[in-house]
Amino acid sequence: MSEDLNVGTSGDAYEKLRSLHLSSLEDEEDEDEVLIDDNVHDDLYDDEDDQDKVPVALGFVEKKRSSWSLLRQLFPSKAGGTPAWLDPINLPSGRSCLCDFCGEPLQFMLQVYAPLTEKDSTFHRTVFVFMCPSMSCLLQDQHEQWKRHPGATLRSVKVFRCQMPRLNSFYSSEPPKNDGTDKPSGDGAALCNWCGTWRGDKVCSGCKTVRYCSEKHQAVHWQSGHKKNCFSNISLTESNSNGTAAWMLKGKFNLQTVASKSLWPEYEISNEDECDEVSDDHAHSTSLVSASQADETYNSLLDSFEGDDDKKSWASFQERILRAPDQVLRYCRYAKAKPLLPMSSGQPSNSDIPKCSYCGGPRAFEFQILPQLLYYFNVGNDVNSLDWATVVVYTCEASCEGSMAYKEEFAWVQVASQSNT
C-alpha cells in the first residue's frame, strides 16, 4: 500500500509533501524563473523536458482503513463522502456554498492535507474542492473562463484553503496516535442532515432538531422520508419536559448520519512520487483502473478534438498518465511546477489566473484532478454525465493569512477542446 497524504498516518509521506512546497521569491536565485510574468502564455506549458524533472506526488484513492481513519483530527486527504473540515466552526457560507449557475449546493469532491514548513501559520493546511454534479453547469463554467474575465467568472467548481498554527483551539499540538483514541478539542458546527457538507443554519419547523444548509435540501429530505420521521421525533422531544430527549436527539444528529444517497463514494487518498518506480499496485493492469480502461476514457474525448495541436497535446498527456493509470491527482507546489494539460486550446495564461482575493499576490499551481476519479465515483458515461479532462487548482503563492478561516482559491477547468466550440 502506498503512503498516505497526511501527517497522522505516515511521517515519511508528510515529509514528502512538505518537500514539494512552493519556494518563496526570496529563495529563488533568478527571479526570471518564477512564473509571475503576465505576458507569458505558451511557454508556460511547452518545456516538457524540464517538467519531467520537477518532483510530482501522484495521488491514488483507496478504501478507508478503518471507521475513524478519515476523521478531521487525523488530518486526512480524502475524496468523496463529506469533508473533514479543518476548522470545524467557521465554515464557508452564503453563495460560496452554491453553484453560481443553478444555485444548488455544491458537492464535496476531495481535500488534500498540504502543510507548509516556511510559516507557523501553515503547520496545518488543507485545500478543499467542491463541484456541482451537473455537466451543464460545468460546461458553462468552462465557457466563462474562455471569456478571459477572471474577476467576474461564475463558477460551478470552488476551492477553499484553510490553515492554522500548531497551537490552535481545535487540535492537540502533539501528533495523533492513530489508534482510534484521538479526539478533537470541542464539537464542530451543526451540519446539514441531508448532505453532511455545509453548515445547517436552517432547522426543521416540525421537530426542530434536524438541520439543513438550504431549502432545497430540506425539501428533498422531507420527500425522502423525513416527513414520516419528523412526527416521531416530535413525540420523542415532547415526551420529556426537561428537554433531555431533545438534547439527546440533537446529539444524535451531530454524529452526522447523512441522509443523502447521492454523495460520491468515500476514499482515502494515498501518494507515491512519480519519479520513483511506481509500485505494482499502480503500474500494472491489476490496478482498479487498468491501462486499457484509461485508454477508453481518453479516447472517448479524443473524437471531439478537431485541431491537430489538441490531439498532439492529448497524446502526450495520455502517455504520461498511463505510467500509473489509476492516479487521480498530481500534486506539486513548487516554484517551477506546471500542470500537465491535456489540450493546447483553452490553456490559461498567467493573466487568466486571478490574483489572491485577500492579499493581492499571485496564485500558483498546487495540484490537478484527473478524470480517473469519475470511475471511482461511479459516474456514468452518457452524454449528460459529469466529465472533465482536468481540473487545475491554483492557490495563493504566499498562502496568506487573514481573518477568514476558509479563503476561496481558483480552479481552471478543461472539459472539451476550445477549437471544437
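Basis for what follows: all heavy atoms, side chains included, without hydrogens, waters or symmetry-related copies. Predicted, not measured: the structure shown is a model, and the values here were computed from it.
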Shortest non-hydrogen contact from D87 to F170?
-> OD1-CZ, 3.5 Å
When you look at Q368 and V391, which way does the side-chain contact (heavy atoms from CB on, under 4.5 Å) test go after all the steps?
-> CA-CA 5 Å; Q368 67 185 107; V391 178; over 6 Å; no
Is a side-chain donor or acceptor of W85 paired with a backbone partner of T197 at a separation under 3.5 angstrom?
-> yes
The reported gap from CG in N381 to CG in L386 (rounded to nearest 0.5 angstrom) is 11.5 Å
Side-chain donor or acceptor of Q73 paired with backbone N/O of Y171 under 3.5 Å | no
Where is the tightest heavy-atom contact between V258 and W194, given as atom of each residue plus distance?
-> CG1-O, 2.8 Å
Inspect the contact between K202 and E215 and indicate whether a charged nitrogen and a carboxylate oxygen are less than 4.0 angstrom apart.
-> no
Taking only residues at least two apart or on different chains, which pairs with a member in residues 92-102 satisfy side chain to side chain donor-acceptor pair (under 3.5 Å)?
-> D100-K158
Look up atom NZ in K208 and atom SG in C230, then write down how far apart they are to the nearest 0.5 Å.
-> 8.5 Å
Are any side-chain N or O atoms of N168 and backbone N or O atoms of R166, one a donor and one an acceptor, separated by less than 3.5 Å?
-> yes
Parallel, tilted or perpendicular for Y331 and F367, by the 30°/60° rule?
-> parallel
Is there a side-chain contact between L86 and Y406, using heavy atoms and a 4.5 Å cut-off?
-> yes
What do you reckon, is NZ of K64 surrounded by more than 12 foreign heavy atoms closer than 6.0 Å?
-> yes
So NZ of K177 and CG of D182: to nearest 0.5 Å the spacing works out to 6.0 Å
Taking the side chain as every heavy atom from C-beta outward, state whether Q414 and Q347 have any pair of such atoms under 4.5 Å apart.
-> yes
Could you walk me through whether S351 and S349 pass side chain to side chain donor-acceptor pair (under 3.5 Å), step by step?
-> CA-CA 5 Å; S351 61; S349 66; 2.8 Å; yes
Does the side-chain contact (heavy atoms from CB on, under 4.5 Å) test come out yes or no for L106 and W198, once each step is laid out?
-> CA-CA 9 Å; L106 294 170; W198 306 108; 4.1 Å; yes
F130 six-ring face occupied by R155 cation (under 6.0 Å, within 45°) = no
To the nearest 0.5 Å, atom CG of D326 lies from atom CZ of F60 at 5.5 Å
Please report the closest heavy-atom contact between D387 and L138, naming both atoms and the distance.
-> O-CD2, 3.2 Å
Between C195 and F108, does a side-chain contact (heavy atoms from CB on, under 4.5 Å) hold up when you go through it step by step?
-> CA-CA 9 Å; C195 69; F108 173 67; over 6 Å; no
Are any side-chain N or O atoms of T390 and backbone N or O atoms of I369, one a donor and one an acceptor, separated by less than 3.5 Å?
-> yes
So do F377 and M109 actually touch side chain to side chain, heavy atoms under 4.5 Å?
-> yes
Do any N or O atoms from the side chain of D141 and from the backbone of V413 form a donor-acceptor pair under 3.5 angstrom?
-> no
Please tell me if the side chains of Y267 and P265 come closer than 4.5 Å, counting only heavy atoms from C-beta onward.
-> yes
Which heavy atom of F365 sits nearest a heavy atom of A337, and at what distance?
-> CD2-CB, 3.8 Å
Evaluate the side-chain proximity of E408 to Y358: yes if any heavy-atom separation is below 4.5 Å, no if none is.
-> yes
Which heavy-atom pair separates A411 from Q145 by the least distance, and what is that distance?
-> O-OE1, 3.4 Å
For S399, does its backbone N or O pair with a side-chain atom of Q163 as donor and acceptor, under 3.5 Å?
-> yes
Listed by chain and number, what are the salt bridge (charged side-chain N to carboxylate O under 4.0 Å, His left out) partners of R72, not counting sequence neighbours?
-> none
Salt bridge between R125 and E366, side-chain N to carboxylate O under 4.0 Å?
-> yes
Do Y113 side-chain atoms and L74 backbone N/O form a donor-acceptor pair below 3.5 Å?
-> no
Test side-chain contact (heavy atoms from CB on, under 4.5 Å) applied to S169 and M164, step by step | CA-CA 9 Å; S169 303; M164 60 182 63; over 6 Å; no
Less than 4.5 Å apart, any side-chain heavy atom of K183 and any of S172?
-> no
Drop me the distance from L71's CG to S66's OG, to the nearest 0.5 angstrom.
-> 8.0 Å
For D120 and P165, indicate whether the former's side chain and the latter's backbone hold a donor-acceptor pair under 3.5 Å.
-> no
Is the closest side-chain donor-acceptor distance between S262 and S260 under 3.5 Å?
-> yes
Note, K355 side chain near P362 side chain (heavy atom, < 4.5 Å) = yes
Shortest non-hydrogen contact from Q372 toward I321 = NE2-CG2, 3.1 Å
Spacing of I353 atom CD1 and F410 atom CZ [to the nearest 0.5 Å] = 5.0 Å
Main-chain N/O of G59 paired with N271 side-chain donor or acceptor, under 3.5 Å | no
With S69, the side chain to side chain donor-acceptor pair (under 3.5 Å) member among K78, E268, K63 = E268
Side chains of R320 and S316 in contact at under 4.5 Å (non-hydrogen atoms) | no
Scan side-chain atoms only and decide if S313 and D310 contain a donor-acceptor pair under the 3.5 Å cut-off.
-> no
R363 side-chain N/O to T395 backbone N/O, donor-acceptor pair under 3.5 Å = no
State yes or no: are the ring centers of W264 and Y376 separated by less than 6.0 Å?
-> no
